[in-house]
Amino acid sequence: PAPAEADAGMLSMWQAHNYCVEKLERLPFNIGYLHLSAFGPPESAGATLAAAMTVLTYTDSLIIDLRDNFGGEEGGVALLSSYLLAERTHLLDMHRRKGNRIDEQWSSDKVDGLKYDASKPVYILTSKETFSAAEAFSYTLKNLGRATLVGEATGGAAHAGDDVRLAEHFSLFLPNARPVSP
């Protein structure tokens with residue numbers, strides 16, 4: 001398909017899956033719960049994530065369930081992190097193979113909706129099915145001291161990459177960058 005058709009198809013897929021916000025609830029004892037199965041593109045998933053975080057903002061603690069999160073967009077990691085941090089924060093450096101460059105990733109000062117109080121505890125649930133961007137998110141918030149990880153070791157696929165077409169009906173996901181804590 002043409003690039004515009006492919007982009008429209010991806011947007012439709014993200015929307016059909018509610019930008020991978022699978023479940024949102026307030027558990028007993030005022031504990032917030034967010035089950036996220038992927039990190040969507042921030043420019044289109046932002047409103048859905050803002051709504052979810054606004055619902056959860058007055059809970060006393062927050063559980064983010066990434067046990068079946070397959071990854072997603074780097075920008076989605078920065079967006080969700082921005083809701084959990086009080087101020088603009090250096091999240092991680094992406095060491096990119098192409099051009100041998102390092103791209104710094106930072107949280108935003110401002111978000112749509114309400115930020116989650118940085119003094120409240122955050123717990124991230126992980127499993128061997130937690131991959132890619134979900135690993136980068138977990139790694140980042142753990143290293144910043146903002147979240148406690150609970151669960152299994154993750155899948156070991158935190159490297160960013162691109163699909164490379166090898167033949168008409170065959171492609172390969174090729175890692176081309178790795179996240180490093182600043």
Side-chain angles (χ1 to χ4, degrees), residues 1 3-27 31-57 59 61-85 91-92 94 105-108 110-116 122-142 144 146-163 171 173 175-179:
E5 291 171 356
D7 289 347
M10 285 301 293
L11 180 61
S12 178
M13 184 277 304
W14 281 109
Q15 289 172 340
H17 290 93
N18 198 39
Y19 294 100
C20 295
V21 174
E22 300 293 339
K23 189 172 188 180
L24 171 73
E25 67 179 307
R26 192 176 69 71
L27 300 170
I31 298 170
Y33 176 83
L34 173 64
H35 177 194
L36 192 66
S37 62
F39 286 86
E43 59 280 354
S44 53
T48 302
L49 193 55
M53 292 308 296
T54 297
V55 168
L56 296 168
T57 199
T59 58
S61 61
L62 178 62
I63 298 169
I64 301 174
D65 189 345
L66 304 179
R67 289 176 293 177
D68 64 356
N69 188 303
F70 64 84
E73 302 283 332
E74 288 177 26
V77 169
L79 178 60
L80 183 54
S81 298
S82 297
Y83 282 95
L84 303 172
L85 299 165
L91 301 173
L92 56 86
M94 287 302 285
Q105 293 188 357
W106 291 75
S107 65
S108 298
K110 297 181 181 172
V111 294
D112 293 334
L114 301 171
K115 282 193 171 210
Y116 197 76
V122 175
Y123 302 92
I124 300 172
L125 304 182
T126 63
S127 78
K128 62 185 178 186
E129 303 297 322
T130 305
F131 280 93
S132 193
E135 291 177 289
F137 176 79
S138 302
Y139 170 75
T140 297
L141 290 186
K142 175 187 165 212
L144 289 172
R146 182 60 185 104
T148 301
L149 303 187
V150 179
E152 297 177 303
T154 61
H159 291 44
D162 290 311
D163 285 323
S171 67
F173 180 80
N176 60 18
R178 63 185 172 87

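This chain uses plain numbering: 1 for the first residue, then up along the sequence. For the numbers below, each heavy atom of this structure counts, side chains included, while hydrogens, waters and symmetry mates do not.
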Participant: Which heavy-atom pair separates Thr126 from Ser138 by the least distance, and what is that distance?
Facilitator: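 Minimum heavy-atom contact is CG2-OG, 3.8 Å.
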
Participant: Step by step, work out the side-chain hydrogen bond (donor to acceptor under 3.5 Å, both in side chains) result for Tyr116 and Thr59.
Facilitator: CA-CA 9 Å; Tyr116 197 76; Thr59 58; 3.0 Å; yes

Participant: Quick one: side-chain contact (heavy atoms from CB on, under 4.5 Å) partners of Ser44, sequence neighbours excluded?
Facilitator: Leu11, Tyr19, Pro41

Participant: What are the two closest non-hydrogen atoms of Gly155 and Glu135, and how far apart are they?
Facilitator: N-OE2, 3.4 Å

Participant: For the CD1 atom of Ile64 and the OH atom of Tyr33, what is their distance to the nearest 0.5 Å?
Facilitator: 11.0 Å

Participant: Could you measure the distance from the CG atom of Leu49 to the CG atom of Leu79? Nearest 0.5 Å is fine.
Facilitator: 5.0 Å

Participant: Write down the atom of Gly76, the atom of Pro42, and the distance for their closest heavy-atom approach.
Facilitator: N-CD, 3.8 Å

Participant: Any heavy-atom pair between the side chains of Phe137 and Asn69 that's under 4.5 Å?
Facilitator: no

Participant: Applying salt bridge (Lys or Arg N to Asp or Glu O under 4.0 Å) as the test, list every pair that has at least one member in residues 64-84; sequence neighbours left out.
Facilitator: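 Salt bridge (Lys or Arg N to Asp or Glu O under 4.0 Å) check on residues 64-84 returns Asp65-Arg67, Glu74-Arg96.
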
Participant: So, does Glu152 use its side chain to make a donor-acceptor pair with the main chain of Lys128 at under 3.5 Å?
Facilitator: yes

Participant: Within the side chain of Asn18, is there an N or O that forms a donor-acceptor pair under 3.5 Å with the backbone of Cys20?
Facilitator: no

Participant: Mark yes when over 12 heavy atoms from residues, nucleotides or ligands other than Lys115 sit less than 6.0 Å from its NZ; otherwise mark no.
Facilitator: yes

Participant: Given side chains that start at C-beta, do those of Leu149 and Thr154 come closer than 4.5 Å, heavy atoms only?
Facilitator: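 Leu149 does not reach Thr154 side chain to side chain.
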
Participant: Show the numbers, then the answer: is there a side chain to side chain contact (heavy atoms under 4.5 Å, CB included) between Thr48 and Trp14?
Facilitator: CA-CA 11 Å; Thr48 302; Trp14 281 109; over 6 Å; no

Participant: What residues form a side-chain hydrogen bond (donor to acceptor under 3.5 Å, both in side chains) with Asn176, not counting sequence neighbours?
Facilitator: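 With neighbours one apart ignored, the set is Asp162.
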
Participant: Between Tyr123 and Ser61, what is the shortest heavy-atom contact and its length?
Facilitator: CE1-CB, 4.4 Å

Participant: Tell me, please, which residues at least two apart from Lys23 pass salt bridge (Lys or Arg N to Asp or Glu O under 4.0 Å).
Facilitator: Glu25

Participant: How long is the gap from CG on Leu125 to CG on Leu36, to the nearest 0.5 Å?
Facilitator: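 So the CG of Leu125 and the CG of Leu36 are separated by 12.0 Å.
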
Participant: Does Asp112 reach the main-chain N or O of Ala47 with its side chain, forming a donor-acceptor pair under 3.5 Å?
Facilitator: no

Participant: List for me each residue that meets ring-ring contact (aromatic ring centres under 6.0 Å, His included) alongside Tyr83, sequence neighbours excluded, and say none if there are none.
Facilitator: none

Participant: Going through the checks in order, is the side chain to side chain contact (heavy atoms under 4.5 Å, CB included) test met by Met53 and Leu80?
Facilitator: CA-CA 9 Å; Met53 292 308 296; Leu80 183 54; 4.0 Å; yes

Participant: How close do Ser132 and Phe70 get, heavy atom to heavy atom, and via which atoms?
Facilitator: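 Here Ser132 and Phe70 meet closest at CB-O, 3.7 Å.
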
Participant: To the nearest 0.5 Å, what is the distance between CG on Leu34 and CD on Glu22?
Facilitator: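 Leu34 CG to Glu22 CD: 10.0 Å, rounded to 0.5 Å.
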
Participant: Can you sort out the partners of Ala147 under side-chain contact (heavy atoms from CB on, under 4.5 Å), two or more places apart, ordered by chain and number?
Facilitator: Val122, Ile124, Leu141

Participant: Which heavy atom of Ala50 sits nearest to which heavy atom of Gly113, and what is that distance?
Facilitator: CB-N, 4.4 Å

